[in-house]
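Note that the numbering runs from 1 along the sequence shown for the chain. Only heavy atoms go into these numbers, but all of them, side chains included; no hydrogens, no water, no symmetry mates. Quantities reported herein were computed from a predicted structural model and do not represent experimental measurements.
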Amino acid sequence: MNQKQKKNLIRILVSIVLTAIVHFVPAGGIAKLVLYMVPYFVVGYDIVIKSFKGIVNRQPFDENLLMTIATIGAFIIAFIDGDDYLEAIAVMLFYQIGEFFQSYAVGKSRRNISELIDIMPEYANIEVGNTLEQVDPEDVEIGTVITVLAGEKVPIDGVVVEGGSSLNTSALTGESMLQDVCAGDSVISGCVNTGGVLKIKTTKEFSDSTVARIMELVEDASSRKSKSENFITKFARVYTPAVVFSAIALAILPPVVLMIMGNPVVWSTWIYRALTFLVISCPCALVISIPLSFFGGIGAASTQGILIKGSNYMEMLADVKTVVFDKTGTLTKGVFAVSKVVAKDMSEEDLLHYAAHAEMYSNHPVALALRNAANVEDDCRVSDSEELAGQGVRTKVNGFDVYAGNAKLMKSIEIACDDVTESGTVIHVAIDGKYAGYIVVSDIVKEETFDAISKLKAEGIRKTVMLTGDNRTTANEVAKAIGIDEVYSELLPGDKVDKIEELMAARASGKDAVAFVGDGINDAPVLSRADIGIAMGAMGSDAAVEAADIVLMDDDTRKVSEAIKISKKCMRIVRQNIVFAIGVKLACLILGAVGLANMWLAIFADVGVLILAVLNAIRILVVPRD
């Protein structure tokens, strides 16, 4: 609870105590009115001031004016009729109690997002001589070596050049497991160093670092309003003046008609009904609870490492029925590894040994995968290496003539090879003119991918699609293994945009949304074109993160279903509050207009509905994780 909330709570409690004291003071007439005005102004002076400021600024029609007119009018009627002033004070008192609940709820949801502010580093350590000097992170240039001590935040993205430690990434990803890093590992800003001293060579300027981009996304989120929020804003602009004039009409027209008809008129009765009508009609529950629901949803998502750039995207995400994935780096690790070895007349280890040495001087990802799978740090003599464009390599390993490459290479040297239909890249190996076997190198599917697809189905996603530039065989096998419904292969970046447009055109309903999940720079056009673009943020390219509407900070595809779950819960709460608030108010307005509702029912219709709507809205902050 912040200082302002504490101050308001004290005002409410003081007003309650003063009202109880005044109630038992034996006074009447003007003296009694003056005594009751003390607790009234203690709790409601700010509302009265705001209403007069609104009139001065020519923007009078808001809840402050409604409360001021209703309470002052109630005082006047009570004074004329000689009644108690409890109703007038109760209206303002309970309104402020409702405002307190709303302020507390907003503060609770805001804290989820403000925790992200805590990841903003205040300084970076640069070694000057034998001492560390704290400088503004914005003044650190790319390539500078900074020092991060135990307990400090990593201020700028970079690569560890010295030291080892464990990083707490929970503020970024929502995951509590520590990440171990050592020399050569990349680190992102916003993580907390929990162990030893790290020396990090910066790879980005502070303004382009992960933590700065996160804060920019969060700050921009509030400016992107959903259709529901825009509707409520427009509704309130028309609704508030309408009910003010309706209340005036209710106070004047029926008595005038009765006078014309020759019936007796009690003006205070109709004025009381009009004031009750005003209190009932206050649109606080809608104006406050709807934005609060979206704000809470964005906050709840941020605590789980999901950054949603605006409530409009939250609303659209709830309507997603088709999720389209890029393959490499999204569903798969984007790292090649040896998946199968078939040797002829030698061991698998020996075949890998010769192939890895044959690819000793190649920078191709396949060559790297072979070297990682075999030990090339030995005394083998490699000579006469020659790269054969589009086919493979030829080299001598310990005097043996080794060819390693595709089937075209085997055909060119007139050596028969196996007809392999495995998914992935196949490297055939021939040694001294004899076929030695083949090795399959493929992209590894992420462990969480299988779970991610099944969770999407559980969330009601009708269709999952994979787009890839890989060959058809590889794409089909990966899609079948992980449970993807449709797969489109051998696509160029432009083809992916065309395919997204086809899927959007073919959807069953115009309301059904299509989401695309990608990570690479070539995914940026598709992320922009889809109804909802979801970028893998931690390892994804800057272009992908900028083009996307939602960013997954830990590159876990399971977070897609988590984001959809949060958005659906948020929209359920928004619709519940709209129906509940409007329904109760309409019923009470009718009762108030015909004289069946008093000021106490009006208080419930305003403050009671507000409190219930706010309590319902903050349920979004509790999203159970699987």
Side-chain angles (χ1 to χ4, degrees), residues 159-162 164 181-186 201 203 327-329 332-446 469-471 473-474 477-478 520 539:
V159 176
V160 178
V161 293
E162 185 179 323
V181 295
C182 58
D185 290 337
S186 296
K201 186 175 183 180
T203 57
K327 172 183 164 288
T328 305
T332 64
K333 294 181 178 180
V335 177
F336 286 96
V338 172
S339 57
K340 187 173 184 179
V341 180
V342 177
K344 311 285 186 180
D345 301 327
M346 66 171 60
S347 68
E348 294 179 356
E349 290 78 9
D350 287 342
L351 182 63
L352 265 175
H353 178 84
Y354 281 109
H357 282 81
E359 299 277 7
M360 177 72 78
Y361 302 112
S362 173
N363 292 322
H364 195 279
V366 170
L368 180 61
L370 290 173
R371 294 200 295 272
N372 287 337
N375 177 27
V376 293
E377 301 296 331
D378 54 24
D379 296 329
C380 287
R381 290 178 288 107
V382 179
S383 60
D384 299 336
S385 292
E386 179 185 1
E387 188 165 343
L388 307 172
Q391 296 182 353
V393 296
R394 181 194 68 79
T395 189
K396 284 188 178 294
V397 180
N398 287 338
F400 293 100
D401 203 12
V402 180
Y403 285 82
N406 55 27
K408 290 181 181 179
L409 176 60
M410 296 297 106
K411 185 178 180 180
S412 69
I413 60 175
E414 299 180 348
I415 292 179
C417 63
D418 291 352
D419 185 13
V420 183
T421 58
E422 302 278 350
S423 68
T425 301
V426 179
I427 301 97
H428 296 280
V429 181
I431 302 175
D432 277 352
K434 184 179 179 181
Y435 186 60
Y438 66 88
I439 301 168
V440 180
V441 175
S442 56
D443 195 0
I444 306 300
V445 176
K446 293 180 179 178
D470 281 356
N471 65 72
T473 301
T474 300
E477 288 197 12
V478 171
M539 298 300 291

Next on the checklist: Going by side chain to side chain contact (heavy atoms under 4.5 Å, CB included), name the residues that satisfy it together with A373, two or more places apart in sequence or in a different chain.
Outcome noted: V338, L352
Checklist outcome for this item: Looking only at heavy atoms, the pair that brings S442 and S339 closest together is OG-OG, 3.1 Å
Item to check | Heavy-atom closest pair, residues V382 and M360 | outcome: CG2-CE, 4.5 Å
Checklist entry - Side chain of D384, backbone of T395: donor and acceptor closer than 3.5 Å? => result no
Checklist entry - Would you say S186's side chain and V159's backbone share a donor-acceptor pair under 3.5 angstrom? => result no
Checklist entry - Which atoms form the tightest heavy-atom contact between R371 and E359, and what is the distance? => result NH1-O, 2.6 Å
Item to check | Separation of Y403 OH from S412 OG (nearest 0.5 Å) | outcome: 7.5 Å
Item to check | Side-chain heavy atoms of V478 within contact of K327, under 4.5 Å | outcome: yes
Checklist entry - Hey, is the main chain of H353 close enough, under 3.5 Å, to the side chain of H357 for a donor-acceptor pair? => result yes
Checklist entry - Nearest heavy-atom pair of A430 and I415: which atoms, and what distance? => result CB-CD1, 3.6 Å
Checklist outcome for this item: In short, salt bridge (Lys or Arg N to Asp or Glu O under 4.0 Å) pairs touching residues 424-440 with sequence neighbours left out are D345-K434
Checklist entry - What pairs with K340 under salt bridge (Lys or Arg N to Asp or Glu O under 4.0 Å), at least two apart in sequence or on another chain? => result E422
Item to check | Student check: side-chain heavy atoms of E348 and L351 closer than 4.5 Å | outcome: no
Checklist outcome for this item: Of all heavy-atom pairs linking I439 and A355, the shortest is CD1-CB, 3.6 Å
Item to check | Minimal non-hydrogen separation, V160 against C182, with atom names | outcome: CB-O, 3.4 Å
Checklist entry - Considering residues at least two apart in sequence or located in another chain, which fulfil the salt bridge (Lys or Arg N to Asp or Glu O under 4.0 Å) criterion with D185? => result none
Next on the checklist: Applying salt bridge (Lys or Arg N to Asp or Glu O under 4.0 Å), can you list everything that pairs with K201, at least two apart in sequence or on another chain?
Outcome noted: none
Checklist outcome for this item: Quick note, salt bridge (Lys or Arg N to Asp or Glu O under 4.0 Å) partners involving residues 392-407, not counting sequence neighbours, are E386-R394, R394-D401
Checklist entry - So, does N406 use its side chain to make a donor-acceptor pair with the main chain of K408 at under 3.5 Å? => result yes
Item to check | Pairwise side-chain contact, D418 with Y435, heavy-atom cut-off 4.5 Å (strictly under) | outcome: yes
